[in-house]
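Have a look at the structure below, then the notes.
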Amino acid sequence: MENCEQSSPRAREEEEDEAKRGGGEGGGEEDEKIIQFLDSMDSYLTLMDSLSSTLRQGWLELASARHSMGSSRISSALLSHKVQSAATTMQVAESNDKSVTELQTHFTLSKWAYLREGKYSGEAEAGGFQNKSSGSQLRHRGPNNFAEGCKESYSTINGSPIASDGNIQRERSKSLSVFGTLVPPKLRAAQVSFETALDSIVELANMRSMVLSSLSQLQQEMESSS
Amino acid sequence: MAGRAQIRTNSSALIAMIADEDTVTGFLLAGVGNVDLRRKTNYLIVASKTTVKAIEDAFREFTTKEDIAIVLISQYVSFHVANTIRFLVDSYNKPVPAILEIPSKDHPYDPTHDSVLSRVRYLFSSESAASGRR
């Protein structure tokens with residue numbers, strides 16, 4: 001008798017689980033997609049809020065620097081139009097996995113990284129492009145004869161190429177030197193704020209990719225069910 | 001091999017900007033500025049004198065160049081100053097370059113004018129209209 005009483009709730013639970021599994025698999029997948037979509041939307045809005053806050057700080061610091069140096073010392077008229085490569089660039093990886101209908105794109109930031117020939121090496125990795133909201137999964141293989149020369153000055157963090165501290169400072173100073181040799185601390189602080197904003201922007205780009213991908217999957221689900 | 005991910009990579013792509021002077025200056029300090037051999041920059045500073053055509057041309061150029069990964073555009077520019085590109089921004093579907101609308105110094109971010117969120121609203125409003133008809 002006790003065994004029957006004990007097994008009946010268990011039997012009921014097992015029946016419920018089986019019902020969920022059998023009839024609810026399709027619904028479960030759809031729910032998962034909806035949750036993924038809502039999560040990515042939430043992250044997108046949170047990141048946008050964070051970006052707004054960082055940009056506001058940067059603008060304020062820039063305004064303080066302009067106040068101490070003078071308006072003419074920090075203006076677009078001083079920007080150089082000489083041929084120059086960007087010191088901060090992006091790495092883009094697109095995967096076209098046949099198991100996923102949408103093209104997945106992943107962006108990675110390379111801050112103050114030398115990506116010229118002879119100054120960079122790494123490895124390429126494949127896979128794991130879905131649900132990547134931050135960090136890098138991509139490294140690039142460079143020519144073998146450059147690898148040794150790179151090790152001393154350059155390294156990777158989470159697969160993103162970065163320059164050593166000395167080179168970073170040099171590149172930062174080069175960017176600041178457009179506005180003069182001696183610049184106020186506020187201008188340096190503004191530089192750091194905008195660098196931080198770039199991190200948010202890269203995350204936003206990845207989140208945008210995820211939102212659009214989830215949206216497209218939901219759209220297809222809705223069309224197939226209607 | 002069937003189902004294997006094919007990966008295309010671009011290891012040195014740029015960030016383009018169509019924004020106000022302070023925003024562009026700040027990001028140039030962060031090292032994103034690029035001037036190519038034709039003296040073309042990867043940014044456009046939008047001031048009061050900037051024409052809508054210049055903004056449209058810059059937008060088309062940045063979204064068609066292969067070496068640009070992200071296009072940052074001030075939401076105020078895309079929605080108010082050059083609303084002729086509003087349709088282009090809203091209907092833009094390519095994964096690369098990614099178009100991100102950012103706030104500007106004088107105009108905070110407005111989620112109701114974000115192109116990504118507009119697409120979501122459109123989907124759910126069309127879905128609710130369709131379910132109402134059933």
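Just so we're on the same page: letters track the sequence lines, and every chain starts at 1.
Residue with the most contacts toward chain B among A:Leu60, A:Leu55, A:Thr88, A:Ile74: A:Thr88 (heavy-atom pairs, distance under 4.5 Å). Interface summary for chain B: among A:Leu218, A:Leu176, A:Asp49, A:Ile201, the most heavy-atom pairs under 4.5 angstrom belong to A:Ile201. Ranked by non-hydrogen atom pairs under 4.5 Å with chain A, the options B:Val24, B:Ile102, B:Asp114 are led by B:Asp114. Between chain B and the options A:Arg208, A:Arg56, A:Gln191, heavy-atom pairs under 4.5 Å are most frequent for A:Arg208.
Contact between B:Pro103 and A:Trp59 at its shortest, heavy atoms only, is O-CH2, 3.6 Å. Between A:Met69 and A:Leu182, the closest heavy-atom pair is CE-O, 4.4 Å. Closest non-hydrogen pair, A:Phe107 versus A:Val202, comes out as O-CG1, 3.5 Å. Nearest approach of B:Ile15 to A:Met90, heavy atoms of both residues: CG1-CG, 3.6 Å.
Proximity to chain B (any heavy atom under 4.5 Å) is restricted, for A:Leu51, to the side chain, taken from C-beta onward. Within the 4.5 angstrom heavy-atom criterion, only backbone atoms of B:Asp36 (N, CA, C, O) approach chain A. For chain B, the nearby part of A:Arg66 is the side chain; its heavy atoms alone come within less than 4.5 Å. Proximity to chain B (any heavy atom under 4.5 Å) is shown, for A:Leu204, by both the backbone and the side chain. Heavy atoms closer than 4.5 Å to chain A are found in both the backbone and the side chain of B:Leu37. Using a 4.5 Å cut-off between heavy atoms, A:Leu78 does not touch chain B at all. Both the backbone and the side chain of A:Leu187 come within less than 4.5 Å of a heavy atom of chain B. Only the backbone of B:Ser104 comes within contact range of chain A, with heavy atoms under 4.5 Å apart. Residue B:Asn42: no heavy atom, backbone or side chain, is found under 4.5 Å from chain A. For a residue to count as touching a neighbouring chain, one of its non-hydrogen atoms must lie under 4.5 Å from one of that chain's; by this rule B:Leu100 touches chain A with the side chain only.
Note on B:Asp22 versus B:Lys105: salt bridge recorded, some NZ/NE/NH1/NH2 to OD/OE distance being below 4.0 Å. Between A:Arg188 and A:Glu195, no side-chain nitrogen of the basic residue sits less than 4.0 Å from a carboxylate oxygen of the acidic one, so the salt-bridge criterion is not met.
The aromatic rings of B:Tyr76 and B:His107 lie parallel to each other, their planes meeting at an angle below 30°, with 60° marking the opposite boundary.
Between the side chains of A:Glu61 and A:Gln57, at least one donor N or O lies within less than 3.5 Å of an accepting N or O.
No side-chain donor-acceptor contact under 3.5 Å links A:Ser213 to the backbone of A:Ser209.
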